[in-house]
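For reference, the structure discussed in these notes is given below.
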Amino acid sequence: TKYLKSRYEFGNKIVTLHLGNRVYRDFCQEIITIKQVRMAKKVLFINQETTPYVTQSQMAEMGGLMSAKMQEAGFEIRTFMPKWSTINERRGQLHEVIRLSGMNLIIDDTDHPLIIKVASIPQSRIQVYFIDNEDYYQNRPAMTKDELGNDYPDNGERAIFFARGVLETVKKLRWAPDIIHCQGWMSSVIPFYVKTAYHDEPQFINAKVVTSLFGEQPAGDLGEKFRRSLPFREAKAELIEKYGDTFDAVELGKLAIDYSDGVVQVDDQVNAELVRYAQSENKPLIVHPQAEAEVKGLYADFYGKLLGE
């Protein structure tokens with residue numbers, strides 16, 4: 001027949017349609033597409049580094065690879081990373097998002113303005129949000145080490161600012177991720193905050209947290225100021241008493257593992273003590289595959305299991 005009559009249910013309303021064959025087929029395809037978008041799980045990648053904004057590092061390659069592969073697998077993706085001073089804003093086409101910027105985050109009794117910038121990765125069109133601040137990220141010759149190759153003494157406070165900046169921005173976006181995947185030691189504070197200080201926020205209340213462990217870690221400890229600055233809201237000081245006084249790379253890794261729902265061992269350079277610790281705490285653990293073709297299937301299955309699917 002030239003025309004078809006069909007009935008569709010939208011919420012509690014029934015809509016009757018009189019459509020030509022071609023229009024009918026197009027309409028049905030649109031309904032299927034909308035349904036698929038609504039069903040897509042959301043993954044928030046919180047990366048220390050991401051290509052193409054940072055290159056020539058394992059963390060950066062993983063940051064770019066994981067977001068692209070999981071988008072191909074059907075997940076809805078958003079990515080956050082620090083706005084390192086080494087990033088060329090003009091080349092990367094970064095611009096400030098005024099409606100998301102302007103909040104002051106208090107770290108160790110000092111106000112630090114939060115600046116949010118955004119860009120899109122050209123190939124995948126994935127949005128990347130950048131956490132920026134004049135004190136912590138601008139006017140530094142490198143990302144986490146000074147010109148002599150030493151760790152910045154305030155790296156711990158920078159990690160705290162990064163964590164709170166990301167979580168406050170996601171709240172403003174009104175975007176509720178199903179999976180929060182942290183990659184790089186600069187994001188190690190985030191699992192702790194998600195499960196304590198932000199545990200009752202609508203955006204995070206049902207989220208599962210995954211931590212990827214890398215071989216690259218801080219060379220020294222994060223210092224007493226980090227320990228003093230870490231407590232926030234329900235992230236009480238007594239919760240971190242179990243960790244060593246120095247809060248070195250191992251203690252930082254244990255903090256991330258303790259408050260994560262799943263753990264990824266990126267390669268065989270990962271600190272063996274942290275891998276054993278994750279196993280002793282009965283954390284679901286996978287090893288990142290060497291074959292790129294296996295990434296989508298392995299992680300989609302891992303995320304699904306964490307979500308109880």
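Please read all numbers here as calculations on a predicted model, not as lab measurements.
- The neighbour count for Glu238 CD, taken as heavy atoms of other residues, nucleotides or ligands under 6.0 Å away, is above 12.
- Hydrophobic clustering (ILVMFWY, side-chain heavy atoms < 4.5 Å, transitive): Val210 and Leu285 are in distinct clusters.
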What verdict does the side-chain hydrogen bond (donor to acceptor under 3.5 Å, both in side chains) test give for Trp175 and Glu76, after you've listed the backbone C-alpha separation in whole Å, the side-chain angles of each residue and the deciding distance to 0.1 Å? CA-CA 11 Å; Trp175 190 78; Glu76 183 180 338; 2.8 Å; yes
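- Among Val189, Asn155, Ile240, Asp108, the one residue that satisfies the side chain to side chain contact (heavy atoms under 4.5 Å, CB included) test with Phe226 is Val189.
- No donor-acceptor distance shorter than 3.5 angstrom exists from the side chain of Asp267 to the backbone of Phe214, with no hydrogens or angles considered.
- The hydrophobic clustering, which links ILVMFWY residues whose side-chain heavy atoms are closer than 4.5 Å, places Leu239 and Tyr243 together.
- With hydrogens and angles disregarded, a donor-acceptor distance shorter than 3.5 Å links the side chain of Lys283 to the backbone of Ser260.
- Using a distance-only test at 3.5 Å, with no hydrogens or angles considered, no donor-acceptor pair links the side chain of Arg78 to the main chain of Leu44.
- Side-chain atoms of Tyr152 come within 3.5 Å of backbone atoms of Lys145 as a donor-acceptor pair (strictly under, hydrogens ignored).
- If you take CD on Glu96 and CD on Glu89, they are separated by 9.0 Å, rounding to the nearest 0.5 Å.
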Should Arg158 and Asp151 be marked as a salt bridge (charged side-chain N to carboxylate O under 4.0 Å, His left out) after you check the CA-CA gap, both sets of side-chain angles, and the distance that decides it? CA-CA 12 Å; Arg158 298 169 88 203; Asp151 289 343; over 6 Å; no
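- When each of Thr50, Asn47, Thr211 is paired with Gln183, the side chain to side chain donor-acceptor pair (under 3.5 Å) condition holds for Asn47 and for no other.
- Ser120 contributes atom OG, which lies 9.5 Å from atom CD1 of Ile126 (distance to the nearest 0.5 angstrom).
- A distance of 10.0 Å separates CE in Met70 from CG in Leu65, rounded to the nearest 0.5 Å.
- Counting non-hydrogen atoms of other residues, nucleotides and ligands closer than 6.0 Å to CD of Glu309 gives a total above 12.
- Ring-plane geometry between Tyr303 and Phe45 is classed as tilted, the angle between the planes lying from 30 to 60 degrees on a 0 to 90 degree scale.
- With sequence neighbours left out, the side-chain hydrogen bond (donor to acceptor under 3.5 Å, both in side chains) criterion links Asp221 to no other residue.
- With hydrogens and angles ignored, the 3.5 Å screen pairs a side-chain donor or acceptor of Ser67 with a backbone N or O of Gly63.
- Ion pairing of Asp154 with Lys225 is absent here, as no side-chain N (NZ or NE/NH1/NH2) approaches a carboxylate O to less than 4.0 Å.
- In this structure, the separation between NZ on Lys296 and CG on Leu298 is 13.0 Å, given to the nearest 0.5 Å.
- Counted within 6.0 Å of NZ on Lys172, heavy atoms from surrounding residues, nucleotides or ligands total more than 12; the atom is thus considered enclosed.
- Linking Ile, Leu, Val, Met, Phe, Trp and Tyr residues whenever their side-chain heavy atoms come within less than 4.5 Å places Ile160 and Trp84 in a single cluster.
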Verdict with supporting geometry, Phe162 and Tyr137, side chain to side chain contact (heavy atoms under 4.5 Å, CB included): CA-CA 10 Å; Phe162 178 54; Tyr137 300 114; 3.3 Å; yes
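- Residue Glu147 qualifies as enclosed at atom CD: its count of foreign heavy atoms under 6.0 Å is above 12.
- If you run side chain to side chain contact (heavy atoms under 4.5 Å, CB included) between Glu49 and each of Met62, Met143, Gln58, only Met143 comes through.
- Taking the six-membered ring for Trp and the full ring otherwise, the centers of His199 and Phe204 sit at least 6.0 Å from each other.
- A 4.5 Å side-chain heavy-atom check between His112 and Leu114 finds every atom pair outside the cut-off.
- The shortest heavy-atom contact between Ile257 and Leu274 is CD1-O, 3.5 Å.
- Taking CG from Leu167 and CD from Gln203, the interatomic distance works out to 10.0 Å, rounded to the nearest 0.5 Å.
- Under a 3.5 Å cut-off, the side chain of Asp146 and the backbone N or O of Asn150 do form a donor-acceptor pair.
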Decide salt bridge (charged side-chain N to carboxylate O under 4.0 Å, His left out) for Lys171 and Glu168; before the verdict, give the C-alpha distance in whole Å, the side-chain angles of both, and the deciding distance to 0.1 Å. CA-CA 5 Å; Lys171 284 173 55 181; Glu168 291 293 343; 3.5 Å; yes
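- In terms of heavy-atom proximity, Ala207 sits nearest to Pro177 at CB-O, 3.5 Å.
- Shown here for Leu230 and Phe247, the closest heavy-atom pair between the two residues is CD2-CZ, 4.4 Å.
- Test Glu294, His181, His288 against Tyr299 for side chain to side chain donor-acceptor pair (under 3.5 Å) and you get one pass: His288.
- In this structure, the side chain of Gln71 engages the main chain of Ser124 through a donor-acceptor pair within 3.5 Å.
- The cationic group of Arg233 lies under 6.0 Å from the six-membered ring centre of Tyr198 and within 45° of the ring axis, placing it in a cation-pi geometry.
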Full working for side chain to side chain contact (heavy atoms under 4.5 Å, CB included) between Phe130 and Ile87: CA-CA 10 Å; Phe130 297 85; Ile87 296 173; 3.9 Å; yes
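- Side-chain contact of Gln279 with Tyr277: a donor-acceptor pair under 3.5 Å is absent, judged by distance alone.
- Side-chain contact between Asp248 and Pro218: absent, with no pair of heavy atoms (C-beta onward) separated by less than 4.5 Å.
- A cation-pi contact, defined as under 6.0 Å to the ring centre and within 45° of the axis, links Arg164 to Phe232.
- Considering every non-hydrogen atom in both Ala142 and Ser85, the closest pair reads O-OG, 4.4 Å.
- A distance of 4.0 Å separates CD of Gln48 from CE of Met59, quoted to the nearest 0.5 Å.
- Here the side chain of Tyr53 pairs no donor or acceptor atom with the backbone of Asn88 at under 3.5 angstrom.
- Minimum interatomic distance between Phe75 and Val43 (heavy atoms only, all atoms of both residues): CD2-CG2, 3.6 Å.
- Using a 4.0 Å cut-off between charged side-chain N and carboxylate O, Glu281 and Lys254 make no salt bridge.
- In this structure, the side chain of Ser57 engages the main chain of Ala60 through a donor-acceptor pair within 3.5 Å.
- Atom CD of Glu224 has more than 12 neighbouring heavy atoms from other residues, nucleotides or ligands inside a 6.0 Å radius.
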List the steps, then state whether salt bridge (charged side-chain N to carboxylate O under 4.0 Å, His left out) holds for Arg140 with Asp135. CA-CA 9 Å; Arg140 301 203 185 197; Asp135 296 327; over 6 Å; no
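- Asp132 and Gln138 form a side-chain donor-acceptor contact under 3.5 Å, judged by distance and modelled atom types alone.
- No continuous path of hydrophobic side-chain contacts links Ile106 to Ile190 [ILVMFWY only; heavy atoms under 4.5 Å].
- Tracing side-chain contacts under 4.5 Å through hydrophobic residues (I, L, V, M, F, W, Y), one never reaches Phe302 starting from Val263; they form parts of separate clusters.
- In terms of modelled atom types and a separation under 3.5 Å, the side chain of Arg227 and the main chain of Gly244 share a donor-acceptor contact.
- In plain terms, the two heavy atoms of Pro113 and Phe161 that are nearest each other are O-CZ, 3.6 Å.
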